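Computed from a prediction, not measured in an experiment: that's the story for all the values here.
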Amino acid sequence: MQLEQSINIYAEQRIKLNDLAKIYCEDKLILEKLNHIVMISSYKQKNDSLIFAIDIINKINEKINNLNLNINIIGNTEILIKYNDTEKENKLLFFLKVLFVCIILCLGASLAIINFHEDANMDSSFKSIYFLITGKYVEKPLIMHIPYSLGLCSGVFVFFNHIWSKKNKNEPSPLELEIHSYENDINKYTIDYIKNNKKAGRK
């Protein structure tokens, strides 16, 4: 039995064993019974919780108590149950939130790029390079500024791997890697937080 790291559920949802784990059993009849064991008939909590491997084993022994089953747990020893509220968020409010975040990110990135160029004195560098190539001094060498700006923008798209339509589908972008790492960190923190609360409650 290989337990999932986490699952997303909704209010009043029934949770079966096959929602929590991938199960292998040579006896197909037993496998069918295992998959349909109801772990939680109706999830009524409005927060995240944990289901431990020992709880699953106890439930299996409770439902199938006339068989001598040898249960092996592979991987995780607990599953994080993530509660999702069924209430739909207002679409206009959601759009305004996304727009606000995009504006903040855009302004922040712009300021970072501007400050970097000011610190590196890129304007003076462009003037010097233009003078070395042409032998003429100009205040605003647009022939260098414009291609550089376009190249900077294109470089961001290429770096985040979203410009090529035929890119390798198995290759994640840096943004996807960061999101995946962030979600794993959140899951680990939530699991530790719930465990510590349970220990404190037992004390």
Side-chain angles (χ1 to χ4, degrees), residues 2-11 19 22 46-50 74-76 78-197:
Q2 184 177 17
L3 304 185
E4 301 287 349
Q5 182 181 22
S6 63
I7 63 168
N8 296 309
I9 67 168
Y10 299 93
D19 297 321
K22 296 180 178 68
K46 291 192 175 181
N47 52 12
D48 298 342
S49 63
L50 289 177
I74 301 173
N76 305 309
E78 66 276 321
I79 305 168
L80 177 61
I81 309 298
K82 295 181 178 180
Y83 173 80
N84 290 326
D85 199 343
T86 53
E87 294 181 6
K88 293 184 178 180
E89 188 175 10
N90 185 288
K91 289 185 178 181
L92 177 61
L93 181 61
F94 178 76
F95 173 78
L96 292 175
K97 286 181 180 178
V98 172
L99 181 63
F100 176 74
V101 171
C102 289
I103 292 173
I104 294 297
L105 291 175
C106 182
L107 291 175
S110 300
L111 285 173
I113 293 172
I114 290 170
N115 289 331
F116 166 77
H117 285 88
E118 284 295 319
D119 290 341
N121 202 0
M122 290 295 293
D123 188 51
S124 177
S125 299
F126 283 138
K127 292 176 184 178
S128 300
I129 295 171
Y130 186 85
F131 178 77
L132 289 173
I133 295 174
T134 64
K136 298 179 181 180
Y137 179 83
V138 293
E139 186 64 27
K140 295 181 179 180
L142 296 179
I143 195 171
M144 300 190 67
H145 286 171
I146 294 173
Y148 176 79
S149 299
L150 294 174
L152 184 65
C153 180
S154 302
V156 171
F157 279 102
V158 172
F159 177 76
F160 283 104
N161 214 7
H162 285 294
I163 195 169
W164 308 115
S165 58
K166 294 183 179 180
K167 69 166 188 160
N168 184 2
K169 298 298 182 183
N170 295 324
E171 179 187 351
S173 70
L175 182 60
E176 289 169 337
L177 287 175
E178 285 298 322
I179 292 173
H180 178 71
S181 177
Y182 173 77
E183 288 177 346
N184 283 337
D185 290 342
I186 289 293
N187 287 343
K188 288 177 182 177
Y189 172 81
T190 305
I191 289 172
D192 291 340
Y193 179 80
I194 294 173
K195 281 183 176 179
N196 291 334
N197 279 355

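The shortest non-hydrogen separation linking Glu78 to Leu3 is N-CD1, 4.3 Å. Summarising the geometry of Ala120 relative to Ser125, their closest heavy-atom pair is O-OG, 4.2 Å, with the distance given to 0.1 Å.
With hydrogens and angles disregarded, no donor-acceptor distance shorter than 3.5 Å links the side chain of Ser181 to the backbone of Leu177.
In this structure the side chain of Asn115 never reaches within 4.5 angstrom of the side chain of Ile113, judged on heavy atoms. When side chains are defined from C-beta on, Ile81 does not count as touching Leu50, because their heavy atoms never get closer than 4.5 Å. You'll find the side chain of Asn187 reaches within 4.5 Å of the side chain of Lys82, heavy atoms only. Side-chain contact between Phe126 and Met122 is present, with heavy atoms from C-beta onward closer than 4.5 Å. Between Tyr189 and Asp185, every side-chain heavy-atom pair lies at or beyond the 4.5 Å cut-off.
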Contacts table for residues 142-153: side-chain donor-acceptor under 3.5 angstrom, sequence neighbours left out:
unit_1	atom_1	unit_2	atom_2	d
Tyr148	OH	His117	NE2	2.7
Ser149	OG	His145	O	2.9

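Here the CD1 atom belonging to Ile191 is positioned 11.0 Å from the OG atom belonging to Ser49, to the nearest 0.5 angstrom. A distance of 9.5 Å separates CD1 of Ile79 from CG of Asp19, quoted to the nearest 0.5 Å. Once rounded to the nearest 0.5 Å, the distance linking CD1 of Ile133 with OG of Ser128 reads 11.0 Å. To the nearest 0.5 angstrom, Asn47 atom CG is 11.0 Å from Thr190 atom OG1. Summarising the geometry, atom SG belonging to Cys102 is positioned 11.0 Å from atom CG belonging to Leu107; distances are rounded to the nearest 0.5 Å. A distance of 11.0 Å separates OH of Tyr10 from OH of Tyr83, quoted to the nearest 0.5 Å.
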Requested in this report: Report the C-alpha distance between Asn184 and Gln5 in whole Å, list the side-chain angles of each, state the deciding distance to 0.1 Å, and finish with yes or no for side chain to side chain contact (heavy atoms under 4.5 Å, CB included).
Outcome: CA-CA 9 Å; Asn184 283 337; Gln5 182 181 22; 3.7 Å; yes
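Salt-bridge annotation for Asp123 and Lys127: present, with a side-chain N of the basic residue lying under 4.0 Å from a carboxylate O of the acidic one.
Under the side chain to side chain donor-acceptor pair (under 3.5 Å) criterion, Asp48 pairs with no residue at all, not counting sequence neighbours. Applying the side chain to side chain donor-acceptor pair (under 3.5 Å) rule to Glu178 yields no partners; only residues at least two apart in sequence or on another chain are considered.
Enclosure of atom CZ in Phe100 is not indicated, since only 12 or fewer non-hydrogen atoms of other residues, nucleotides or ligands lie within 6.0 angstrom.
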